[in-house]
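A short worksheet on the structure shown next.
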Amino acid sequence: MAKFLTNREENYSQWYNDLVIKADMAENSAVRGCMVIKPYGYAIWEKIQSELDRMFKATGHVNAYFPLFIPKSFFSREAAHVEGFAKECAVVTHYRLKNSPDGKGIVVDPDARLEEELIVRPTSETIIWNTYKDWIQSYRDLPLLINQWANVVRWEMRTRLFLRTTEFLWQEGHTAHATRQEAEEEATRILNLYTDFVENYMGVPVIKGVKTESEKFAGAIDTYTIEMLMQDGKALQGGTSHFLGQNFAKAFDVQFTNQEGKLDYVWATSWGVTTRLIGALIMAHADNNGLVLPPKLAPIQVVIVPIYKGNDQLDKISDIAVDLKRQLEKAGLSVKYDNRDTQKPGFKFAEYELKGVPVRLAIGPRDAEEGTVEIARRDTLTKETIRRENVVGHVLGLMDDIQQNIFRKAVEFRENNTFTADTWEEFTDIIENRGGFVLAHWDGTAETEEKIKDLTKATIRAIPLNSPEEKGSCILSGKPSNRRVLFARAY
RNA sequence: CGGGGUGUAGCGCAGUUGGUAGCGUACUACGUUCGGGACGUAGGGGCCGGAAGUUCGAGUCUUCUCACCCCGACCA
């Protein structure tokens, strides 16, 4: 089996790439670094969107939409921000084309140069804070809790489907608060919301932490992160929530009158997750047979495949299948009955395994006769035969089972691949030979962090929020440290 | 931007000393099949990335050019 996929153990990144394409999620487009998200991949994104959107609204946020273009001058207002993004911005300089004077095609009309160039947003803090300035006068206008579903562009050097593309889809929340404490609470609330989503819907365990000075978002005071471990032992940052302090308020002059009647700058957060989560979903759970989707995010939760010879058998089986489909849908499941006559059952089995459909029902003439159904689960690839009347209950149970099982497997994988290192030799041995998360002491300086990165390509993924105090000495410099930080090679 | 590589059918590839393009797969039709990616027969599909040059003749040789991929620096 699985001869159509590159073996995961043989070449992990080839396996990943094959899988994205073969499972029909996305493909490279004619535009450098930009992907086409195909219907099946987009359906997964829609599931992610709808759950997150529900969670944002349940915590008091509302959606809005801000422009794709940002005037260049806005960017220079916040020094650290421009520094962080300048090198990867797409810039609009003209607004018109014309026929080429030599008759070959069209050219940019030099007379149509923009007075001020427009940046295609790599993130929207600047345009949003420039807008918020007019919306916020008083503490009564606060908090402002807005989210936007959008696309952004970051001109990365190298791209990979879902993991890093020039244009990507995301949500970005931008909130304004009257006090520092409120803003910090918001940043934490969202970090916890992301954790809830990634662990309970995607089935991927995360480490919550705060980024180091050099890894934090350009313009933030603190960047909180959730870090996940992929099956090849590399880390993936799944989402970030930034406490921005008053940096953007000051840069865009967003002041309000507080309850004491005094002017003050507002406190801000921003936070986001992207289509990269789909990459995480793949790399955390998929195997050599293809995708393994958590039931809560699977576009198709149950597929029914008929096995038959001739139209008489098909008719009989279809009656049963359609009835089962109706029952399962009534129970809230999304079900596909694949009665295509153009593919054989074996082909369909392989196809739905490739696409990660959690549960497959097969009904053949034998089952029709005996009142049974063959039921197969994607996560364990096991099959059993059950009575037709028990199908709905059994499938509902399986949905929970599979959801929990893939999470449990991912937790176990992470536990088996999280190490502590106390010496430089131990540290480099693990990074070079085993991969995974490494908890180690660090002296807290950017110089040491940089040196470790240069020597091993491992970075500090996060300073875990729940890590206990512990006296130790830095693996590289030997200087004192009082807590371990999380190292890994990362995507 | 540095180092390496590749452009030939939808996709994956072969193409010898230069002689007018082929394999696998996918596609179309018909038939037999159908409980784990079926088989047979017959078909269709090509400006050989682009431009210029050498030659009677270029997928093949020369020069230029464009695009993409991999490894680094950058990054959600």
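Residue numbering restarts at 1 for every chain, and letters A, B, ... go by the order of the sequence lines. It should be emphasised that the depicted structure is a prediction, and the values quoted were computed from it without experimental measurement.
- Comparing the same atom, P, in U62(B) and in G24(B) gives a spacing of 31 Å after rounding to whole Å.
- The same atom, P, is picked in A51(B) and in C66(B); the two are 15 Å apart, to the nearest Å.
- Using bins of under 30°, 30° to 60° and over 60° for the plane-to-plane angle, the ring pair W170(A)/F168(A) lands in the perpendicular bin.
- On the P atoms, G59(B) is 11 Å away from G50(B), given to the nearest whole Å.
- When the P atom of C70(B) is taken as reference, atom CG of N17(A) falls 7 Å away, rounded to whole Å.
- A salt bridge does not link K234(A) to D232(A): none of the charged nitrogens lies less than 4.0 Å from a carboxylate oxygen.
- Along RNA chain B, the nucleotide nearest to T165(A) and the one nearest to A368(A) differ in position, and the one closer to the 5' end is contacted by A368(A).
- Rounded to whole angstrom, the span from the CD atom of Q343(A) across to the C1' atom of G36(B) amounts to 14 Å.
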Could you pull out all donor-acceptor pairs under 3.5 Å where a side-chain atom in residues 197-207 of chain A meets a protein atom, sequence neighbours excluded?
unit_1	atom_1	unit_2	atom_2	d
E199(A)	OE2	V206(A)	N	3.0
N200(A)	ND2	D196(A)	O	3.4
N200(A)	ND2	D196(A)	OD1	2.6
Y201(A)	OH	R54(A)	NH2	2.9

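- Within a heavy-atom distance below 4.0 Å of RNA chain B, no residue of residues 199-212 of chain A is found.
- Judged as a salt bridge (Lys or Arg N to Asp or Glu O under 4.0 Å), and not counting sequence neighbours, D222(A) has no contacts.
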Output side-chain donor-acceptor pairs under 3.5 Å for residues 363-374 of chain A, partner residues at least two apart or in another chain, one line each.
unit_1	atom_1	unit_2	atom_2	d
D367(A)	OD1	T372(A)	OG1	2.7
D367(A)	OD2	G364(A)	N	3.0

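- If you take atom C1' in A9(B) and the same atom in U16(B), they sit 23 Å apart, rounded to whole Å.
- Looking at residues two or more places apart in sequence or on another chain, you find a ring pair (Phe, Tyr, Trp, His ring centres under 6.0 Å) between F56(A) and W271(A).
- For K309(A), taking side-chain heavy atoms from C-beta onward, the closest of the listed nucleotides G36(B), G37(B), C34(B) is C34(B).
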Report all interatomic pairs (protein N or O, nucleotide N or O of nucleotides 38-41 of chain B) with separations under 3.5 Å.
unit_1	atom_1	unit_2	atom_2	d
A38(B)	O4'	K344(A)	NZ	3.4

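- Here G35(B) presents its P atom at 18 Å from CD1 of I304(A), a figure rounded to the nearest Å.
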Dot-bracket summary - RNA chain B, pairs being Watson-Crick or G-U whose distances fall under 3.5 Å, with | when paired to another strand: (((((((..((((.....[..)))).((((((.....)))))).....(((((..]....))))))))))))....
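- The residue among G33(A) and L236(A) whose nearest nucleotide of RNA chain B lies closer to the 5′ end is G33(A).
- Note: NZ (K87(A)) to P (C74(B)) measures 8 Å, nearest angstrom.
- Contacts of R340(A) with the nucleic acid, taken as non-hydrogen atoms under 4.0 Å apart, are absent.
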For residues 80-92 of chain A, which side-chain donor-acceptor pairs fall under 3.5 Å, sequence neighbours excluded?
unit_1	atom_1	unit_2	atom_2	d
H81(A)	ND1	A218(A)	O	3.0

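- OP1 or OP2 of G72(B) has at least one side-chain nitrogen or oxygen of K457(A) nearer than 4.0 Å.
- In this structure, Q148(A) contributes its side chain and F66(A) its backbone to a donor-acceptor pair below 3.5 Å.
- Residue pairs meeting the ring pair (Phe, Tyr, Trp, His ring centres under 6.0 Å) criterion with at least one partner in residues 279-318 of chain A, sequence neighbours excluded, are absent.
- Taking atom C1' on both G35(B) and A29(B), the two are 29 Å apart, rounded to the nearest angstrom.
- For E27(A) and G10(B), the CD to C1' distance is 11 Å, given to the nearest whole Å.
- Distance noted for atom P between C47(B) and U6(B): 23 Å (whole Å).
- With sequence neighbours excluded, no residue satisfies ring pair (Phe, Tyr, Trp, His ring centres under 6.0 Å) with W155(A).
- Distance from the side chain of A350(A) is smallest to G37(B) among G37(B), C75(B), G35(B).
- Between the side chain of E351(A) and the base of G37(B) there is no donor-acceptor pair of N/O atoms closer than 3.5 Å.
- Spacing of C1' atoms, C23(B) relative to C61(B), comes out at 26 Å, to the nearest Å.
- Remark: T59(A) engages H61(A), R189(A), L193(A) in a side chain to side chain contact (heavy atoms under 4.5 Å, CB included) (not counting sequence neighbours).
- With distances taken from any side-chain atom of K453(A) to the nucleotides C74(B), C34(B), G36(B), the minimum falls on C74(B).
- In this structure the side chain of I282(A) reaches within 4.5 angstrom of the side chain of L19(A), judged on heavy atoms.
- Following rounding to the nearest Å, M35(A) (CE) and C69(B) (P) show an atom-to-atom distance of 14 Å.
- Within the nucleic acid shown, E156(A) comes within 4.0 Å of at least one base atom, counting heavy atoms only.
- Within the structure, salt bridge (Lys or Arg N to Asp or Glu O under 4.0 Å) pairs that include any residue of residues 291-309 of chain A do not occur (at least two apart or interchain).
- Among the nucleotides C74(B), G37(B), G36(B), the one closest to any side-chain atom of L354(A) is G37(B).
- For the C1' atoms, the distance from U28(B) to G45(B) is 10 Å, rounded to whole Å.
- Proximity note for E374(A) (side chain, C-beta onward) versus C34(B), G36(B), G35(B): the nearest is G35(B).
- We find that NZ of K316(A) is positioned 16 Å from C1' of G35(B), with the value rounded to whole Å.
- Between W45(A) and W149(A), the ring-plane angle classifies as perpendicular under the 30° and 60° cut-offs.
- Here D367(A) lies in heavy-atom contact (under 4.0 Å) with a base.
- Across G36(B), C34(B), C75(B), the shortest atom-to-atom separation from the side chain of P345(A) is found for C34(B).
- Classification of C39(B) as anti follows from a glycosidic angle more than 90° from 0.
- In this structure, D341(A) places its CG atom 14 Å from C1' of U32(B), rounding to the nearest Å.
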